[in-house]
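First the structure, in the form of structure tokens, and then the observations on it.
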Amino acid sequence: ESRDILLIRKTTNKQSINQVNEGLDNISLFNESDELTETPISNLFLEISNELLTRQVSSGLPAGSYSQQLLMTGRVTESRLLIHDFEKPD
């Protein structure tokens with residue numbers, strides 16, 4: 001939920017995420033509007049129609065330093081990324 005203080009901040013307190021992530025290499029996180037937010041260990045980028053996209057900050061988390069650098073250089077564009085965007089062939 002986007003109002004949960006531990007889910008809207010980058011933190012080392014990952015107890016709730018680790019419970020979900022148990023036995024998996026990585027997972028993608030999303031908010032209550034099915035917008036993709038991040039993964040517990042990395043930034044999230046999708047290539048759609050030959051454009052590299054990252055989620056909007058309004059989806060729930062502040063931009064990480066690497067995402068921010070790519071946004072500032074124009075290599076990445078913010079977009080509203082949804083769960084079903086994983087299913088789009090490119």
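Linking Ile, Leu, Val, Met, Phe, Trp and Tyr residues whenever their side-chain heavy atoms come within less than 4.5 Å places Phe86 and Leu81 in a single cluster. In this structure, Leu53 is not a member of the same hydrophobic cluster as Leu82, with clusters built from ILVMFWY side-chain heavy atoms closer than 4.5 Å.
A distance of 12.0 Å separates CD of Glu78 from CG of Leu70, quoted to the nearest 0.5 Å. To the nearest 0.5 Å, atoms CG (Leu36) and CG (Asn31) are separated by 8.5 Å. One finds the CD atom of Glu47 at 13.5 Å from the CG atom of Asp85 (value rounded to the nearest 0.5 Å). Atom-to-atom distance recorded for Ser79:OG and Leu46:CG is 9.0 Å, nearest 0.5 angstrom.
Counting only heavy atoms from C-beta outward, the side chains of Thr54 and Asn43 never approach each other to under 4.5 Å. In this structure, the side chains of Ser58 and Gln56 come closer than 4.5 Å at one or more pairs of heavy atoms.
The minimum heavy-atom distance linking Arg75 with Leu52 is given by the pair O-CB, 3.8 Å. Of all heavy-atom pairs spanning Arg55 and Thr37, the tightest one is NE-O, 2.8 Å. Among all heavy-atom pairs drawn from Ser33 and Arg80, the shortest one is O-NH2, 3.9 Å.
Under a 3.5 Å cut-off, the side chain of Asp34 and the backbone N or O of Ile83 do not form any donor-acceptor pair.
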